[in-house]
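Let me begin by presenting the structure, written as structure tokens, before commenting on it.
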Protein chains: 2
Amino acid sequence: MLFQSEIEILNSYLKKKGLKQGKQRLDVVTVFLETEKHITPEELHDIVKKKHPNIGIATVYRTLKLLSDCGLAREVVFDGRIARYEHNYGHDHHDHLVCVKCGVIKEVIDPEIENLQIMLAKKHGFKITNHRMEIYGTCKKCGS
Amino acid sequence: MLFQSEIEILNSYLKKKGLKQGKQRLDVVTVFLETEKHITPEELHDIVKKKHPNIGIATVYRTLKLLSDCGLAREVVFDGRIARYEHNYGHDHHDHLVCVKCGVIKEVIDPEIENLQIMLAKKHGFKITNHRMEIYGTCKKCGS
DNA sequence: TTATCTGCAAAGCCTTTGCACTTAG
DNA sequence: CTAAGTGCAAAGGCTTTGCAGATAA
């Protein structure tokens with residue numbers, strides 16, 4: 001079965017919290033894990049509706065919340081105010097390169113920048129817990 | 001008069017667009033420029049209300065929009081979904097160090113990181129238009 | 001059986017908009 | 001005088017919540 005380990009993580013989280021495994025919830029989780037990253041709750045809802053026409057968007061929101069709580073999803077808010085989620089189990093920390101024309105999002109990582117961020121924080125007496133970095137511009141295809 | 005140059009920028013923008021200078025709007029602008037950075041529309045509204053008990057929050061939103069359009073304010077959305085604004089005329093580009101305990105926000109800049117961001121984008125075929133970087137952690141006062 | 005899960009609709013937040021009145025130019 | 005500004009309340013998006021019926025353990 002696909003996503004064996006992710007499902008196990010979810011299940012052990014559910015057990016720990018005394019929660020149950022609903023059928024719809026599992027479908028939302030599966031679609032979420034199958035799908036390209038950075039999806040909005042509404043987009044996810046639309047996809048799941050193809051299999052479960054009756055599924056409510058509330059279930060999608062509740063499931064995404066659950067996935068965030070157990071560490072399988074991460075909320076990323078790009079410019080604007082709509083939340084997008086990416087599944088991050090098995091993915092290392094990364095930052096985002098966002099094309100402002102076509103909307104493509106590339107995940108990138110630069111160890112040197114990461115290191116400098118730590119130094120910068122330290123210089124100001126901060127102890128880092130996490131950070132976010134997004135670079136906006138035009139991708140190669142969209143030119144300047 | 002304080003904020004002479006900012007007011008001039010605003011006025012020339014208004015003239016260019018054929019807009020007028022309302023009294024309330026000017027008060028919102030003045031308070032905004034006087035105030036510590038990273039204020040929410042609601043906080044700004046509360047302060048302005050002390051002088052103009054009748055001012056509507058709609059005017060505050062409209063004024064902030066106007067300030068953003070003419071480049072005097074910048075919207076920054078930290079974790080969560082409430083917009084905060086900072087006035088940025090005469091301020092160089094900077095990033096943010098946010099204390100997750102006491103909420104203090106420090107503006108920082110690291111030329112080396114800036115440079116690496118450009119290189120990183122270039123490596124992926126992106127031409128940068130802008131970027132945002134926020135580092136979350138605990139400040140010196142709040143310890144670890 | 002019993003607490004959780006779900007869909008639905010209602011409620012909540014923050015933000016924007018329509019309207020009638022006021023005011024700047 | 002005329003178009004823009006303002007306050008108010010209503011409307012709009014996105015997200016959360018309350019509730020009653022369905023379902024997992």
Side-chain angles (χ1 to χ4, degrees), chain A residues 7 10-32 38-70 73-85, chain B residues 7 10-32 38-70 73-85:
Chain A
I7 301 292
L10 177 61
N11 284 337
S12 81
Y13 181 82
L14 293 176
K15 180 168 275 179
K16 196 177 68 181
K17 293 278 186 177
L19 304 176
K20 298 171 184 173
Q21 180 54 282
K23 201 163 16 189
Q24 292 86 331
R25 177 186 289 164
L26 186 59
D27 282 316
V28 174
V29 171
T30 307
V31 172
F32 178 63
H38 311 115
I39 197 170
T40 62
E42 199 185 341
E43 288 163 351
L44 187 50
H45 183 223
D46 286 342
I47 298 173
V48 180
K49 262 196 298 195
K50 290 176 187 164
K51 292 185 180 180
H52 288 260
N54 289 344
I55 199 165
I57 196 154
T59 297
V60 175
Y61 274 101
R62 286 187 275 235
T63 302
L64 284 171
K65 174 92 172 53
L66 193 64
L67 288 171
S68 300
D69 290 345
C70 70
R74 200 165 71 90
E75 193 187 85
V76 209
V77 183
F78 295 112
D79 275 0
R81 205 142 296 108
I82 304 172
R84 290 177 171 278
Y85 290 82
Chain B
I7 301 292
L10 177 60
N11 284 338
S12 82
Y13 181 82
L14 293 177
K15 180 168 276 179
K16 196 177 69 182
K17 293 279 186 177
L19 304 176
K20 298 171 185 172
Q21 179 54 282
K23 205 166 13 197
Q24 293 86 331
R25 177 188 289 163
L26 187 59
D27 282 318
V28 174
V29 171
T30 306
V31 171
F32 178 63
H38 311 113
I39 197 170
T40 63
E42 199 185 340
E43 289 164 350
L44 188 51
H45 182 222
D46 286 343
I47 299 173
V48 180
K49 261 196 301 195
K50 290 176 188 164
K51 292 185 181 179
H52 288 261
N54 289 345
I55 199 166
I57 197 157
T59 297
V60 175
Y61 274 102
R62 286 188 276 234
T63 302
L64 284 170
K65 174 90 173 52
L66 192 65
L67 288 171
S68 299
D69 290 344
C70 70
R74 199 164 71 92
E75 194 187 85
V76 208
V77 184
F78 295 113
D79 276 359
R81 204 140 296 108
I82 304 172
R84 290 179 171 276
Y85 289 82

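Chain A is the first sequence line, chain B the second, and so forth, proteins listed ahead of strands; every chain is numbered from 1. Every heavy atom of this structure was used, including side-chain atoms; hydrogens, water molecules and symmetry mates were not.
Here the rule is salt bridge (charged side-chain N to carboxylate O under 4.0 Å, His left out) with A:R84, and of A:E75, A:E43, A:E42 only A:E43 fits it.
Separating the CG atom of B:L64 from the P atom of D:dT6 is a distance of 13 Å, rounded to the nearest angstrom. With rounding to whole Å, A:Y85 atom OH is found 14 Å from D:dC14 atom P. Nucleotide D:dT16 holds its P atom 15 Å from the NE2 atom of A:H45, rounded to whole Å. The CD1 atom of B:I55 sits 14 Å away from the P atom of C:dT23 (whole-angstrom rounding). Here the C1' atom of nucleotide D:dA24 and the CG atom of A:L10 are 14 Å apart, to the nearest Å. A straight line from NE2 of B:H52 to C1' of C:dT22 spans 15 Å, rounded to a whole angstrom. Note: NZ (A:K49) to C1' (C:dT6) measures 16 Å, nearest angstrom. If you take CG of B:L66 and P of D:dA4, they are 13 Å apart, rounded to a whole angstrom.
For the helix from C:dT1-D:dA25 to C:dG25-D:dC1, the end axes, each set by the C1' atoms of five terminal pairs, are bent relative to each other by 30° (nearest 10°).
For the atom pair A:K15 NZ and A:L10 CG, the distance stands at 12.5 Å (nearest 0.5 Å). Between A:I47 atom CD1 and A:H52 atom NE2 the span is 13.5 Å, to the nearest 0.5 Å. Taken to the nearest 0.5 Å, the CG atom of A:N54 stands 10.5 Å off from the NZ atom of A:K49. Residue B:I39 holds its CD1 atom at 12.0 Å from OH of B:Y85, rounded to the nearest 0.5 Å.
Side-chain atoms of B:R25 do not come within 3.5 Å of backbone N or O of B:V60 as any donor-acceptor pair. A donor-acceptor contact shorter than 3.5 Å links the side chain of A:H45 to the backbone of A:I55.
If you check distances only, the side chain of A:K23 never reaches the base of D:dA24 with a donor-acceptor pair under 3.5 Å.
Comparing B:L19 and B:K65 by the nucleotide of DNA chain C that holds the closest heavy atom to each, the one mapping nearer the 5' end is B:K65. DNA chain D is contacted by both B:N54 and B:G18; B:G18 maps to the nucleotide lying nearer its 5′ end (nearest heavy atom per residue).
OP1 or OP2 of C:dG25 has not a single side-chain nitrogen or oxygen of B:Q21 nearer than 4.0 Å. Neither OP1 nor OP2 of D:dT16 sits under 4.0 Å from any side-chain N or O of A:Y61.
Comparing C:dT17, D:dC14, C:dT6 against the side chain of B:R62 picks out C:dT17 as the nearest. For B:K20, taking side-chain heavy atoms from C-beta onward, the closest of the listed nucleotides D:dG5, C:dG7, D:dG7 is D:dG5. Each of C:dT17, D:dG5, D:dT6 was ranked by its minimum atom distance to the side chain of B:A58; first place goes to C:dT17.
Here B:I57 lies out of heavy-atom contact (under 4.0 Å) with every strand. Heavy atoms of B:R25 sit under 4.0 angstrom from primed sugar atoms or phosphate atoms, though from no base atom.
The pair B:K23-B:D27 fails the salt-bridge criterion, with no side-chain N (NZ, NE, NH1 or NH2) lying under 4.0 Å from an Asp/Glu carboxylate O.
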